A.B. asks: 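Handing you a structure now.
Along the sequence shown, the residues carry numbers beginning at 1. Just the heavy atoms: all of them, side chains too, but no hydrogens, waters or symmetry mates, feed the values below. What you are looking at is a predicted structure, and each value in this text was computed from that prediction instead of being measured.
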Amino acid sequence: MLDQIHWLAAVTVLGVLEQAYFFLQVIYARRSFGISPPKISGPPEFERIFRAQVNSSEYFPIFLALLWQAGLFFHQGAAAALGLLYLYGRYCYFMGYKTTSSERLAPMYFSAGVLWILLAVSALGILHFFLSHYVGLNVLQRLTA
């Protein structure tokens, strides 16, 4: 079983490390700008870092659910590769947002596109499972025949 999920687990750990990096960036920004919790407002530079972290953490559960569904029901390697693309897009989003709010847009659209692809392959994999398991229709076998 572990050989079927090791890439998904590795991408999950990388995602958690990325989230930790984003959290640390907010802590450093709080110290730099003298903003104590629970305040969330301050100079635009701080607010951009804070928003980038919050937005990334809001999307993280969606990413994890889709990553694992795509990996379990579609293909582990494809899901892991898409997961790496998503994490790269989120990193670029964070770094761009840190600079200026307009720099976040292209990476935001990129990472959202990766999520949509993960959703599509998850749905295809689950549909294939239901059709083959409950209806006895193996679509892949029919396509290759």
A.B. asks: Quick check against the 3.5 Å criterion: does Gln76 have a side-chain atom that pairs as donor or acceptor with the backbone of Gln4?
C.D. replies: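 Yes; at least one donor-acceptor contact below 3.5 Å.
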A.B. asks: When the ring centroid of Tyr59 is compared with that of Phe63, is the distance short of 6.0 Å?
C.D. replies: no
A.B. asks: Any chance you could measure Arg90, atom CZ, to Met95, atom CE, to the nearest 0.5 Å?
C.D. replies: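 If we round to the nearest 0.5 Å, Arg90:CZ and Met95:CE are 14.5 Å apart.
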A.B. asks: If you take all heavy atoms of Tyr93 and Pro107, which pair is closest and at what distance?
C.D. replies: N-CB, 3.3 Å
A.B. asks: Applying a strict under-4.5 Å side-chain criterion to I, L, V, M, F, W and Y, I'd like to know whether Phe110 and Tyr86 cluster together.
C.D. replies: yes
A.B. asks: Verify, without hydrogens or angle tests, whether Arg31 (side chain) and Tyr28 (backbone) share a donor-acceptor contact under 3.5 angstrom.
C.D. replies: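 Between the backbone of Tyr28 and the side chain of Arg31 there is no qualifying donor-acceptor contact (under 3.5 Å).
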A.B. asks: Check the angle between the aromatic planes of Tyr134 and Phe129 and answer parallel, tilted or perpendicular using the 30° and 60° thresholds.
C.D. replies: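 Plane angle over 60°, so perpendicular.
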A.B. asks: Please lay out, stage by stage, how Lys98 and Glu103 fare under the test side-chain contact (heavy atoms from CB on, under 4.5 Å).
C.D. replies: CA-CA 8 Å; Lys98 206 170 151 175; Glu103 291 292 315; over 6 Å; no
A.B. asks: Applying side-chain contact (heavy atoms from CB on, under 4.5 Å) to Leu127 and Phe73, what does each step give before you reach the verdict?
C.D. replies: CA-CA 9 Å; Leu127 177 64; Phe73 288 98; over 6 Å; no
A.B. asks: Could you tell me whether a side-chain N or O of Glu47 sits under 3.5 Å from a main-chain N or O of Gly42, the two making a donor and an acceptor?
C.D. replies: yes
A.B. asks: Within the structure provided, determine whether Val16 and Phe60 are in side-chain contact (heavy-atom separation under 4.5 Å).
C.D. replies: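 In contact.
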A.B. asks: Working to the nearest 0.5 angstrom, can you tell me the gap between Phe94 CZ and Asn55 CG?
C.D. replies: 11.0 Å
A.B. asks: Any side-chain heavy atom of Leu119 within less than 4.5 Å of one from Leu115?
C.D. replies: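 A side-chain contact under 4.5 Å is absent here.
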A.B. asks: Under 6.0 Å from the CD1 atom of Ile40, do we count more than 12 heavy atoms belonging to anything else shown?
C.D. replies: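 Not more than 12 within 6.0 Å, no.
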A.B. asks: Drop me the distance from Glu18's CD to Ser56's OG, to the nearest 0.5 angstrom.
C.D. replies: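 So the CD of Glu18 and the OG of Ser56 are separated by 7.0 Å.
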